[in-house]
Amino acid sequence: MKRITLILCIVFISFAAFAKDLKKDITMVSYEQSWLDNEGTLALKNNTNEEIRNIVFLIKYLDMSGNELDYEEFSNKISIAPGMTKKVNIPAYEHERYYHYYKTKDEFGHTAFKIEFTLKGYNLPEEEITESEDSFSPYSDYKSRNAQRDSDDNFGAYFLIGLFILIIVIGISVGLYVVVALMAQKRHRNVVLWVLLSILATPLLMIIILLFIGDDESRIDNQNWRQDI
């Protein structure tokens, strides 16, 4: 019985020592997120003597009283040389509600939060890290959603611009036909005929022709003759 108890104590102490070392192997140096950022910047330091090739860590989001609000696990390939620090981006927490990290300056009174970094593992077998290089798995979905939303916003903007241009083109076209009609009337010519010619050809061509041919003398003479009678 004593032997079993001794073995369990050794296993427990070994596990605790491993967990303690693991906790210190990679540490969070800093975190930045303002209320305008759609990404948070996390600085991680490699305290080991080997290169970090991939990493799994947990981020807990806390309110200013230390109460847990949410958590997210991140995993992906990343290269951090021994003793070096590298910044990585993760999705900003509550970006749409303008949350900000409490150490990042904010002058507008937006909601602040804290984070707690927990290392889950690193340099794991390749089959356990399936996401693309330098793109944390939750962040990939986040970028995809943002890209879709941006695409929808751009489509709406392009549609409004196209509609505005179409209205302008229609207005100019109608205006040109009106100009043709007024010019034909002023030059004592058949308004309906010249508008129909504008439809068959172009209003600009009819305007140029009307400028050159001037008044219809025969219709002017007929009008004067009728007035004399």
Quiz item: Which of these, Tyr122, Tyr71, Tyr31, Phe74, sits in a ring pair (Phe, Tyr, Trp, His ring centres under 6.0 Å) with Phe57?
Solution: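 Per the ring pair (Phe, Tyr, Trp, His ring centres under 6.0 Å) rule, the option paired with Phe57 is Phe74, out of Tyr122, Tyr71, Tyr31, Phe74.
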
Self-check item: Worked verdict on Lys77 versus Arg53 for side-chain contact (heavy atoms from CB on, under 4.5 Å)
Solution: CA-CA 6 Å; Lys77 298 177 182 178; Arg53 299 184 305 275; over 6 Å; no

Practice problem: Might you confirm whether atom CD of Glu50 has over 12 heavy atoms from other residues, nucleotides or ligands at distances under 6.0 Å? | Solution: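 Buried by this count: over 12 neighbours within 6.0 Å.
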
Quiz item: If you draw a 6.0 Å radius around OH in Tyr98, do more than 12 non-hydrogen atoms from other residues or ligands fall strictly inside?
Solution: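 Open.
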
Just how far is it from atom [atom1] of [X] to atom [atom2] of [Y], taken to the nearest 0.5 Å?
X	Y	atom1	atom2	value
Ile115	Asp70	CD1	CG	12.5 Å
Glu32	Asn89	CD	CG	10.0 Å
Leu42	Ile59	CG	CD1	5.0 Å
Tyr101	Ser30	OH	OG	8.0 Å
Lys86	Leu44	NZ	CG	10.5 Å
Lys45	Ile52	NZ	CD1	13.0 Å

Considering all heavy atoms of both residues, which atom of [X] and which atom of [Y] are nearest to each other, and what is their separation?
X	Y	answer
Asp37	His95	O-ND1, 2.7 Å
Phe113	Gln33	CZ-OE1, 3.3 Å
Leu69	Tyr93	CB-OH, 3.4 Å

Report yes or no: do [X] and [Y] belong to one cluster of Ile/Leu/Val/Met/Phe/Trp/Tyr joined by side chain heavy-atom distances under 4.5 Å?
X	Y	result
Phe164	Ile170	no
Ile168	Val178	no
Leu119	Tyr61	yes

Side-chain donor-acceptor contact under 3.5 Å, [X] with [Y]:
X	Y	value
Ser34	Asp106	no
Thr48	Asp25	no
Ser79	Glu51	yes

Is a side-chain donor or acceptor of [X] paired with a backbone partner of [Y] at a separation under 3.5 angstrom?
X	Y	result
Asn54	Leu124	yes
His100	Lys105	no
Asn46	Met84	no

Quiz item: Centre of Tyr102's six-membered ring, under 6.0 Å away, within 45 degrees of the axis: is that where NZ or CZ of Lys114 sits?
Solution: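 Yes.
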
Exercise. Mind telling me whether Phe108 and Trp35 have parallel, tilted or perpendicular rings, with 30° and 60° as the class edges?
Key: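 Taking Phe108 first and then Trp35, their aromatic rings stand perpendicular (interplane angle over 60°).
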
Just distance, no hydrogens or angles: give the donor-acceptor pairs under 3.5 Å from side chains in residues 191-213, sequence neighbours left out.
unit_1: Ser198; atom_1: OG; unit_2: Trp194; atom_2: O; d: 2.9
unit_1: Thr202; atom_1: OG1; unit_2: Leu205; atom_2: N; d: 3.2

Exercise. Side-chain contact test, heavy atoms from C-beta onward, threshold under 4.5 Å: evaluate it for Asn67 versus Leu62 and give yes or no.
Key: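 No, their side chains stay 4.5 Å or more apart.
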
Quiz prompt | Leu182 side chain reached by Gln185 side chain, heavy atoms, under 4.5 Å | solution =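 Yes, close enough: below the 4.5 Å cut-off.
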
